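All ligand and atom numbering here is 1-based and tracks the order in the structure. On a predicted model such as this, the values are computed, not experimentally measured, just so you know. Below, each value reflects all heavy atoms present in this structure, side chains not excepted, and no hydrogens, waters or symmetry copies.
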Amino acid sequence: MRNVKISALGCYVPPRVLTNDDLAKMVDTSNEWILERTGILERHIADPDMATSDMAVMAAKAALEQRGIGGEEIDAIIVCTVTPDHMFPSTACLVQHQIGAKKAWGFDLIAACSGFVYGLTTGAHLVGAGTHKKVLVIGADTMSRIIDYQDRTTCVLFGDGAGAMLIEPAEEGEPGFVGFKNEIDGSGGPALKMRAGGSRLPASAETVAQRLHYVDQDGQAVFKFAVRRMGDISADLLAECGIQSSDVKLMIPHQANIRIINSAAHRLGMKPEQVMINIERYGNTTAATIPLATRDAIAEGKMAKGDLVLFTAVGAGFTSAANLWRWAY
Ligand code: ACO
């Protein structure tokens with residue numbers, strides 16, 4: 001496999017902010033409970049006329065602008081999402097058209113909160129194979145469309161957003177992709193799912209009346225799996241690559257719950273300054289948390305060219321994923 005790098009990053013969050021105090025007016029909760037149990041202060045919510053592809057396009061255009069190229073140079077588009085505009089056509093098709101990526105093919109990748117890291121792994125291999133020169137990996141989710149704002153156990157957790165990274169060939173010796181580890185444990189499927197709307201239980205008046213088109217989760221089961229697996233898969237990847245956790249400049253974990261992140265960091269022996277946390281500003285934006293956290297880490301001067309960065313995530317499925325990259329710009 002040839003050396004590959006991440007050459008650009010773009011993000012988008014909708015301007016409207018939903019605070020914990022706003023939520024406390026909608027369900028029986030409080031700012032104190034949400035902050036203490038999750039680390040979240042506020043999240044961004046898309047206006048009704050904005051869908052996932054709109055946010056994905058904004059993020060993609062920002063990445064293209066940073067790189068100084070047009071959409072026509074893109075070879076493939078991978079949109080990681082659990083909230084596509086439609087079941088079909090794929091969100092990747094909508095993005096391809098909007099950014100003028102005339103020669104690109106692409107597809108949607110469903111791996112929930114691990115989606116973006118699965119997408120990076122896939123993009124790295126498309127470019128690493130030598131068959132693609134520019135692959136755009138986008139994580140975009142409009143979680144507010146599939147959240148029941150009458151359910152206090154889920155509505156406090158999620159927000160909307162999008163982020164895109166461009167993957168390109170790198171010269172030998174240039175910073176780039178180091179390694180990956182991706183897994184599925186399908187026994188965890190029942191713990192986090194949307195009950196209706198697929199081929200198992202198509203949408204009907206009954207499924208709507210029973211509120212089956214929303215995120216349905218056993219929060220404690222997800223929490224326990226995530227705490228264990230985020231640390232373990234990261235430790236396994238570091239061991240496979242022969243890298244000590246002290247060599248990692250920054251762990252950029254999926255932002256689901258500050259307690260999950262801190263447990264994983266503790267398991268890995270990471271110091272607080274090695275761990276990126278921005279969950280307080282965005283909540284869990286599913287496939288978008290990692291690019292959003294990367295953007296903020298760069299803006300805050302926490303990582304720079306040549307630094308070793310660990311992306312790690314756990315999500316519905318259960319899916320889990322870890323990637324090591326040396327940051328290239
Ligand atoms: N406000 C106030 N009280 C609440 C709220 C709320 N928003 N939500 C739940 N409670 C109550 C519960 O009803 C329960 O009350 P009870 O004791 O009277 O029954 C009490 O708080 C404790 O509930 P727990 O479920 O034990 O709370 P816990 O500390 O586990 O936190 C949470 C719940 C935040 C959902 C946690 O389990 C969690 O984060 N799980 C992971 C879920 C997740 O991140 N999913 C995202 C997708 S997957 C991923 O990204 C990894």
(request) For Thr153, counting its heavy atoms only, list the atoms of ligand 1 lying under 4.0 Å from any of them. (result) 8 (N), 9 (C), 35 (C)
Would you mind writing out the side-chain donor-acceptor pairs for residues 236-249 within the sub-3.5 Å range, not counting sequence neighbours?
unit_1, atom_1, unit_2, atom_2, d
Glu240, OE2, Lys181, NZ, 3.1
Ser245, OG, Leu268, O, 2.8
Asp247, OD2, Gln244, N, 3.3

(request) Number the atoms of ligand 1 from 1 as they appear, then name those within less than 4.0 Å of a heavy atom of Asn284, with their elements. (result) 46 (C), 47 (C), 50 (O)
(message) At less than 4.0 angstrom from any non-hydrogen atom of Thr29, what atoms of ligand 1 do you find?
(response) 1 (N), 2 (C), 6 (C), 7 (N)
(message) Counting only heavy atoms closer than 4.0 Å, does ligand 1 sit against the backbone of Val156, its side chain, both, or neither?
(response) side chain
(request) Please determine, by modelled atom types, if Asp141 and Thr81 share a side-chain donor-acceptor pair under 3.5 angstrom. (result) yes
(message) Show the atoms of ligand 1 that are less than 4.0 angstrom away from any heavy atom in His254.
(response) 49 (C), 50 (O)
(message) With nothing but distance in play, are any N or O atoms of Ser30 less than 3.5 Å from an N or O of ligand 1?
(response) no
(request) Answer yes or no for atom 3 (N) of ligand 1: protein heavy atom present at a distance under 4.0 Å? (result) yes
(message) I'd like the name of whichever of Arg37, Glu36, Arg152 reaches closest to atom 13 (O) of ligand 1 through any heavy atom.
(response) Arg152
(message) Would Phe225 count as a contact residue for ligand 1, given that I'm defining contact as a non-hydrogen atom of the residue lying under 4.0 Å from a ligand atom?
(response) no
(request) With heavy atoms only and a cut-off of under 4.0 Å, state how Thr286 meets ligand 1: side chain, backbone, both or neither. (result) neither
(request) Could you tell me whether Leu192 approaches ligand 1 through its side chain, its backbone, both or neither, with non-hydrogen atoms closer than 4.0 Å? (result) side chain
(message) List ligand 1 atoms under 4.0 Å from Arg259, heavy atoms only on the residue side.
(response) 28 (P), 29 (O), 31 (O)
(message) Using a 4.0 Å cut-off to any heavy atom of Ala256, which atoms of ligand 1 qualify?
(response) 44 (O), 49 (C), 50 (O), 51 (C)
(message) Within the protein, is there a heavy atom lying under 4.0 Å from atom 17 (O) of ligand 1?
(response) no
(request) Just need the protein heavy atom nearest to atom 45 (N) of ligand 1, so name the residue and atom and give the distance. (result) Gln217 OE1, 3.0 Å
(request) Please check if a non-hydrogen protein atom sits closer than 4.0 Å to atom 43 (C) of ligand 1. (result) yes
(request) May I ask you to check whether Asp185 and Ser320 show a side-chain donor-acceptor distance below 3.5 Å? (result) no
(request) Check whether any N or O atom of Gly219, backbone or side chain, sits under 3.5 Å from an N or O atom of ligand 1, and answer yes or no. (result) yes
(request) Would you check if Ile74 and Gln96 make a side-chain contact, meaning some heavy-atom pair closer than 4.5 Å? (result) no
(message) How far is atom 8 (N) of ligand 1 from the closest protein heavy atom, and which atom is that?
(response) Trp33 CH2, 3.3 Å
(request) Compare Ile261, Asn257, Thr319, Ile40 and give the one whose heavy atom is closest to atom 34 (C) of ligand 1. (result) Asn257
(request) Show your working on side chain to side chain donor-acceptor pair (under 3.5 Å) between Thr19 and Asp21 and close with a plain yes or no. (result) CA-CA 5 Å; Thr19 66; Asp21 287 335; 5.2 Å; no
(request) Report the C-alpha distance between Phe311 and Leu120 in whole Å, list the side-chain angles of each, state the deciding distance to 0.1 Å, and finish with yes or no for side chain to side chain contact (heavy atoms under 4.5 Å, CB included). (result) CA-CA 10 Å; Phe311 300 117; Leu120 284 182; 3.8 Å; yes
(request) Evaluate the ring planes of Phe177 and Trp325, with Trp represented by its six-membered ring, and classify them as parallel (under 30°), tilted (30 to 60°) or perpendicular (over 60°). (result) tilted
(request) Just jot down the ligand 1 atoms closer than 4.0 angstrom to any heavy atom of Val314, in number order. (result) 49 (C), 50 (O), 51 (C)
(request) Verify the distance criterion only: is there a donor paired with an acceptor across the side chains of Thr142 and Asp160 at less than 3.5 Å? (result) no
(message) Could you walk me through whether Asp75 and Lys133 satisfy the salt bridge (charged side-chain N to carboxylate O under 4.0 Å, His left out) test, starting with their C-alpha distance in whole Å, then the side-chain angles of each, then the deciding distance to 0.1 Å, before giving a yes or no?
(response) CA-CA 7 Å; Asp75 298 309; Lys133 285 208 168 70; over 6 Å; no
(message) Tell me if the aromatic rings of Phe180 and His125 count as close, with their centers under 6.0 Å from one another.
(response) yes
(message) Between ligand 1 and Met230, can you find any atom pair, the residue atom being a heavy atom, that is separated by under 4.0 Å?
(response) no
(request) Dump the intermediate steps for side chain to side chain donor-acceptor pair (under 3.5 Å) on Thr91 and Asp85, then the final yes or no. (result) CA-CA 6 Å; Thr91 313; Asp85 290 29; 4.6 Å; no
(request) Look at atom 22 (C) of ligand 1 and say whether a protein heavy atom is found at less than 4.0 angstrom from it. (result) no
(request) With sequence neighbours left out, write down each residue that passes salt bridge (Lys or Arg N to Asp or Glu O under 4.0 Å) with Asp296, or none if nothing qualifies. (result) Arg281
(request) Would you mind reporting whether Asn20 and Val156 have side-chain heavy atoms less than 4.5 Å apart? (result) no
(request) Using distance alone, decide if ligand 1 has a nitrogen or oxygen within less than 3.5 Å of any nitrogen or oxygen in Gln220. (result) yes
(request) Check Val137, Leu109, Asn323 against Thr121 for a side-chain contact (heavy atoms from CB on, under 4.5 Å) and give me the one that passes. (result) Asn323
